[in-house]
Amino acid sequence: MEVYLVGGAVRDALLGLPPGDRDFVVVGQTQDAMEAAGFKPVGRDFPVFLHPDTGEEHALARTERKSGRGHRGFVVDADPSVTLEEDLGRRDFTINAIARREDGTLVDPFGGAGDIEARVLRHVGEAFVEDPLRVLRAARFMARFAPLGFSVAPETMALMRRMVEFGELAELTPERVWQELRRALAAPAPSAFIRTLRDCGALAVVLPEVDALYGIPQRAEYQPEVDTGTHVELVCDMAARLAPGDDIVGFAALVHDLGKALTPSEVLPGHIGHERAGVAPLRALCERLRVPTAHRQLAEAACREHLNVHRFDQLRASTVHDLIARCDGFRRPERIDPLATVCEADARGRTGLEEREYPQGDALRASHAAACAVKSNDVAEGLSGPAIGEALRRARIQAIAQATGKRP
Ligand SMILES: Nc1ccn([C@@H]2O[C@H](COP(=O)(O)OP(=O)(O)OP(=O)(O)O)[C@@H](O)[C@H]2O)c(=O)n1
């Protein structure tokens, strides 16, 4: 059987990165022949089979035609007459269009290895436009590969701009947009995702609430070249450094400051009130992209509370208690550590402040731990009903005061 390793596994090996999932392409076979050879068919949209021993994915070489309907808007034709070159030619980027034979030699008709060497993300051919998700994939690959020195080829960027101008992105389902966004926020350089989307005009289409942050000045303590959009880029990169691979923290970092884009009538000079004003655009974004609950909840907590956490020193123990309660940190203790991380990323994600200490994060964590150590059984003796809740609150405030030296 004519089988080649293709896609991300070949690319990542050439980049010297640790191996991930392996995808194979099989040339010259029919679906029946694959099943007769013991491969197990999977997936409704593509002719993909699992290897009987390794379980690894083997796709039949195929052509794809745009249909304008269905899950991806494609009709997939598995066709034994499709050559390896034809299969590679319908892929997105040259760096993803390299095949490796079993003996280790490469089939690289589009110069992908050279582009890996030159650190260029270049589209393979005109078939690129058939899937508008590829605009977001380009940005997501940049979030992963920009730190290795990659940039988008000018002709690819020009093509992406045309796709955006022609309104191609309108046909993307929210689920596909969210999957790319989520993966980009878990990558080492989410800022490169945001900047690539902005460069081609796609940011205004898929994340207009974030696009609106550009040109909004930050307060004077920031470097003058850092507007709110740039600040958010820095915060996302800092979040990726503090919590690598954590897209829940990454999403909260992306959206914590959305309120700053609102008109001055809604947000006072110096962005006073932006933490409350940001909740509405954040909810709109989450509805539109069908963002999962865990992401939404941390994002809302970060949006509402980040200023309170920054001024932790000035808060009384009772205010800290109520902040934790508003974030549901007593019923769901896992909520507070990521909130502290996002706030730290926000404080340190400013040019020149990257190495600054952020004691507020650990102070919040310590307060939370001290308050959670008090259980209702500790205070319930002789009490009933709401009196237990009130006694628990008082005891927890006391515990926070003791742990931090704050006034109750
Ligand atoms: N819209 C898409 C999706 C995928 N592909 C092709 O299918 C391969 C496998 O896709 P996927 O698993 O999504 O990406 P990988 O390149 O394997 O990247 P990752 O390591 O991030 O999963 C890609 O390499 C690419 O050649 C494509 O051309 N266009």
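Counting starts at 1 for both ligands and their atoms, following the listed order. Numbering of residues begins at 1 and proceeds along the displayed sequence.
Selection from Asp131, Asn96, Leu133 by nearest heavy atom to atom 24 (O) of ligand 1 gives Asn96. Comparing Glu130, Arg134, Arg137 by heavy-atom distance to atom 10 (O) of ligand 1, the nearest is Arg137. Closest heavy-atom approach to atom 8 (C) of ligand 1 within the set Arg22, Arg183, Arg91, His123: this belongs to Arg91.
Of the polar atoms of Arg11, at least one N or O is found under 3.5 Å from an N or O of ligand 1, judged by distance alone.
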- Query: How far apart are the C-alpha atoms of His256 and Phe251, what are their side-chain angles, what is the distance that settles it, and do they pass the side chain to side chain contact (heavy atoms under 4.5 Å, CB included) test?
  - Reply: CA-CA 8 Å; His256 77 284; Phe251 180 65; over 6 Å; no
- So Glu209 and Arg288, salt bridge (Lys or Arg N to Asp or Glu O under 4.0 Å) or not? Walk me through it. CA-CA 12 Å; Glu209 301 85 355; Arg288 195 176 65 249; 2.7 Å; yes
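A tilted orientation is assigned to the rings of His274 and His306, their planes being inclined by 30° to 60°.
Less than 4.0 angstrom separates some heavy atom of Arg140 from each of these atoms of ligand 1: 21 (O). When each atom of ligand 1 is checked for a heavy atom of Arg144 under 4.0 Å away, the hits are 20 (O).
For Glu35, the CD atom sits in a packed shell: over 12 heavy atoms of surrounding residues, nucleotides or ligands are nearer than 6.0 Å.
Relative to the ring axis of Phe93, Arg122 does not place its NZ or CZ within 45° and under 6.0 Å from the centre.
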